[in-house]
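Here the structure comes first, spelled out in structure tokens, and everything after it is commentary.
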Amino acid sequence: MKVRLLTAAVLLPIFLFIVLFLPSLCTTILFSLLMGLAAYEFLWGTGLLKHPRLIVYASVMGILTSVWSGFGAGYVWALLGVLIFVVVLFAEIMISNMKLPFEKVILCAAAGLLIPFLLTSLVRIRAGANGAFFIMIPLIIAFISDSGAYFTGRFFGSHKLAPTISPKKTIEGLVGGVFAAVLGMLLYGLILQLAFGFRVNYLAALLYGAAGSVAGAFGDLCFSAIKRQTNIKDYGKLLPGHGGILDRFDSMVIVAPLVEVLLILIPVAVKVS
């Protein structure tokens, strides 16, 4: 626990400084590195794929997905990148004389394209208007929901949520996480209104907190299921006490794109002064 807290105390302020106070380009660079590492963790760390070239392809695609997200590149560039990626993957099947199973190629596509595209919603949010304010929304939801679920589950939890996937998670913890995330979003909305001159839709803030909390719990369970099936404790060892990149951002893979969609369809705050 001490190592876990020390790692968070050192790295969390650095992470927040980069994404909140430095230009959005720095967030893009940061997540480019993280996406390359995450692709490696998802394939090599789990033992799902031990093919060096495919892992390199996935890592490079993860990096490029973050760059595309940060620079707002258009549809044509995204299509070109995906086309090249797919051609390269299928070329590997042909080079292997059909010995490379198709499911391994799908795993590579998930690691290099699907997961990075979802997670780099954070990059796209940061690069958008008022990004420094709005990128806090998925972070607040994920952190406060996780904390609320932990303490509620610890003191009141008695009904298992998904015992075969994550034995410690409880239904009571899920409810506590939702309640905490809603309160966190309402409070953040109040801060945006009083301190930064935003007009806040508090019903939308309530929706963000509730839906985001459930999405985060689902994302956590998704990646826990993969760890169960591959018999690993953590995806990596990069973050002492925490595991790897995917161990820290597992819930964010679902929370971040949900918030990105909600910001477009149901804006929670508009800058008025």
What closest approach, in Å, do Ile18 and Leu30 show between heavy atoms, and which atom pair accounts for it? CG2-CD2, 4.0 Å
Does Leu203 have more than 12 heavy atoms from other residues, nucleotides or ligands lying within 6.0 Å of its CG? no
Shortest non-hydrogen contact between Pro257 and Leu118, atoms and distance: CD-O, 3.3 Å
Is there a donor-acceptor pair under 3.5 Å between the side chain of Ser66 and the backbone N or O of Gly62? no
Residue pair Phe196, Phe133: steps toward the ring-ring contact (aromatic ring centres under 6.0 Å, His included) verdict: CA-CA 9 Å; Phe196 298 103; Phe133 295 102; 4.8 Å; yes
If you take all heavy atoms of Ala110 and Phe42, which pair is closest and at what distance? CB-CE2, 4.4 Å
Would you please classify the geometry between the Phe117 ring and the Trp68 ring as parallel, tilted or perpendicular, with 30° and 60° separating the classes? tilted
Donor-acceptor check, side chain of Ser96 to backbone of Ile93, threshold 3.5 angstrom: yes or no? yes
Going by side-chain heavy atoms closer than 4.5 Å, which hydrophobic residues are tied to Leu64, directly or by a chain of links? Val56, Val60
Side chain Tyr235, main chain Phe223, donor-acceptor under 3.5 Å: yes
Check: Lys160 main-chain N/O paired with Lys169 side-chain donor or acceptor under 3.5 Å: no
Asp220/Ser224 under side chain to side chain contact (heavy atoms under 4.5 Å, CB included): CA gap, chis, key distance, verdict: CA-CA 6 Å; Asp220 192 356; Ser224 293; 3.4 Å; yes
Going through the distances and angles, do Ile137 and Leu263 end up as a side chain to side chain contact (heavy atoms under 4.5 Å, CB included)? CA-CA 10 Å; Ile137 293 175; Leu263 285 170; 4.2 Å; yes
Provide the full list of salt bridge (Lys or Arg N to Asp or Glu O under 4.0 Å) pairs with a residue in residues 105-132, sequence neighbours left out, each pair given once. Arg124-Glu260
The residue among Val259, Val253, Leu258 that forms side-chain contact (heavy atoms from CB on, under 4.5 Å) with Val255 is Val259
Flag, side chain of Glu92 to backbone of Leu100, donor-acceptor distance under 3.5 Å: no
What verdict does the side chain to side chain contact (heavy atoms under 4.5 Å, CB included) test give for Leu16 and Leu139, after you've listed the backbone C-alpha separation in whole Å, the side-chain angles of each residue and the deciding distance to 0.1 Å? CA-CA 10 Å; Leu16 291 177; Leu139 299 177; 4.1 Å; yes
Where does the angle between the aromatic ring planes of Phe21 and Phe17 fall among parallel (under 30°), tilted (30 to 60°) and perpendicular (over 60°)? tilted
CA sep, side-chain torsions, deciding dist, call: Phe249, Phe31, side chain to side chain contact (heavy atoms under 4.5 Å, CB included): CA-CA 11 Å; Phe249 286 92; Phe31 273 88; 4.2 Å; yes
Once you measure the plane-to-plane angle for Phe102 and Phe90, does it fall in the parallel (<30°), tilted (30-60°) or perpendicular (>60°) bin? tilted
